[in-house]
Asks: 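Quick one: the structure is below, questions incoming.
In what follows, every heavy atom counts, from backbone to side chain, and hydrogens, waters and symmetry copies are set aside. Quantities reported herein were computed from a predicted structural model and do not represent experimental measurements.
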Number of protein chains: 2
Amino acid sequence: MRDGDQTLVRKLRLFADMEEDNFADLMQIAYLQSFPRQVQLITEGEPADFLHIVVSGAVELFARSNGRETTMEVVRPVATFILAAVLKDAVYLMSARTLEKSSVLLIPAENIRAVMARDRHFDKAIITELASRYRAVVKAQKDLKLRTGVERLANYLLRQEIEQGGTGQLVLPVDKRTLAGRLGMTPENLSRAFGTLKPYGVEVDGADIGLTKPDDLVRLAKPNPLIDDPDI
Amino acid sequence: MRDGDQTLVRKLRLFADMEEDNFADLMQIAYLQSFPRQVQLITEGEPADFLHIVVSGAVELFARSNGRETTMEVVRPVATFILAAVLKDAVYLMSARTLEKSSVLLIPAENIRAVMARDRHFDKAIITELASRYRAVVKAQKDLKLRTGVERLANYLLRQEIEQGGTGQLVLPVDKRTLAGRLGMTPENLSRAFGTLKPYGVEVDGADIGLTKPDDLVRLAKPNPLIDDPDI
DNA sequence: TCATTCACTTGATAATTATCAAGTGAATTA
DNA sequence: TAATTCACTTGATAATTATCAAGTGAATGA
């Protein structure tokens, strides 16, 4: 792994306060792997062997049941995924695949647990991380249960616009099929939802979106910090 | 608080391994309050002042947005709620109200955080608890996104039947309006969903439910351990 | 260059779910 | 006992969402 990547990993909330020796140990044991797009990294139901950290590219967490499939989350660098399964020494609840060419750092679960046993700072960091993740899923569940598909899309666009600099422009970070899954709707319905939002100033050109009537869109979306603010 | 209640709290995964002195400290500071039914205990958006532990009765966690309201979870004794908000020193994402006459143990958030700073066992317990909660919400999200309303009800009934002893009988632990919210549907639709399940041997008499054709019901519900098994 | 693929869109229709409005019957209360 | 409340159900209808089937147009590849 390049030093630059290691620095980025070290900056993760999860590792930032870890004792230097322990971090060095983990990085010694960890290995970085590169994958082309659309490679399945983990499969739900299998035992959690490694903590995964997306160093470059993008990874989709998804789940299947009944022959149906849905996107649960899209993880972008630099972030960990499936931490809870590793800590509980349990099976994965979600599968993961690369959305694009990606490199992923793999740390054996047993080493994570070993460092946890001797590094107090790591404990604290894990608690903070888990609590944040938990709250993120609760927000996602509120989004699903309290909003229609069109409202979810509208709020998603508003969040992305803010995250991408508040210029009234945004670029969809994933293809529309994946976005539809993330928003809990079919691709066909996502198309129609974009159509519904046209009168509210949502201009679509491929992955490039312009929001020309932000006030109208906000009035429709009724964003709620307790659902949409990622920092709360 | 009666000694018996204190013993029950001590048995919670969260407190079981805590050092005796620290537990005694917390119990010293904590206070037990009794509430009639339908009292709102906390309100989403307010700062997390206390860790709550349901000692008797039942508490509904719910959320509102847009004038809509939904049940997120029903907490029964003995269990904690809103742990993540307390740990993060953040605002509550959910409101809580008693469903019936209940007693709730309140521990000031600052004391929780203080014990956390000096008790390693508590750290570990918090991690285990948070990881479990996180996985529970992920399962709930899979349930919502991968199943229709009727399927969610069918699987809910199968889970309850198992939890209540596997006798082919079960008693709904909450009124149907609350259950509907939990399952992400309207009360009217829950009624109709029960109707749809009649040919699958679901016999409803108030809160008493009989499952007379479990095989047929399972064939419809297609239960999935990665959604329905609470212990995974 | 032409064929093919692929992501996305559009249309028609069906299934699912929500809303509004009564209705029922048991339990509570005057 | 009669009135009232309340939880739940049922019916009619509307809104939302999914499914199936083409269609479009840009990108890829022979």
Asks: Strictly by Watson-Crick or wobble contacts shorter than 3.5 Å, is anything paired with D:dA22, and which nucleotide is it?
Replies: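 The base-pairing partner of D:dA22, which may sit in any strand shown, is C:dT9.
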Asks: Could you state the atom-to-atom distance from CG of B:Leu153 to C1' of D:dC8 in whole Å?
Replies: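 These atoms are roughly 15 Å apart.
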Asks: Just how far, in rounded Å, is P of D:dA7 from CG of B:Leu172?
Replies: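 Result: 15 Å.
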Asks: Considering the options A:Arg97, A:Arg76, A:Arg182, which one meets the salt bridge (charged side-chain N to carboxylate O under 4.0 Å, His left out) requirement together with A:Glu60?
Replies: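 One option only clears the test, and that one is A:Arg97.
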Asks: How close or far is atom P of D:dC6 from atom NZ of B:Lys176, stated in whole angstroms?
Replies: 18 Å
Asks: Between B:Ser95 (side chain) and B:Ala63 (backbone), is there a donor-acceptor pair under 3.5 Å?
Replies: no
Asks: May I have the distance from B:Asp208 (atom CG) to D:dC8 (atom P), rounded to whole angstrom?
Replies: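 Result: 13 Å.
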Asks: Give a yes-or-no answer on whether the side chains of B:Ser102 and B:Ser56 include a donor-acceptor pair shorter than 3.5 Å.
Replies: no
Asks: How close or far is atom C1' of C:dA26 from atom CG of B:Asp175, stated in whole angstroms?
Replies: 16 Å
Asks: Between B:Thr71 and B:Arg177, is any side-chain donor less than 3.5 angstrom from a side-chain acceptor?
Replies: no
Asks: Reading nucleotides 12-27 of chain D 5' to 3', which nucleotides get B (base under 4.0 Å from a protein heavy atom), which S (sugar-phosphate only), which -?
Replies: B----SBBB-------
Asks: When the distance from CZ of B:Phe194 to P of D:dA7 is rounded to whole Å, what number comes out?
Replies: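 Whole-Å distance recorded here is 17 Å.
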Asks: With a 3.5 angstrom cut-off on both distances, give the Watson-Crick or G-U wobble partner of C:dA30, or none if there isn't one.
Replies: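 Partner of C:dA30: D:dT1.
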Asks: Considering residues at least two apart in sequence or located in another chain, which fulfil the ring-ring contact (aromatic ring centres under 6.0 Å, His included) criterion with A:Phe81?
Replies: A:His52
Asks: Do we see a donor-acceptor contact under 3.5 Å between the side chains of A:Gln164 and A:Thr167?
Replies: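 Result is no, nothing qualifies.
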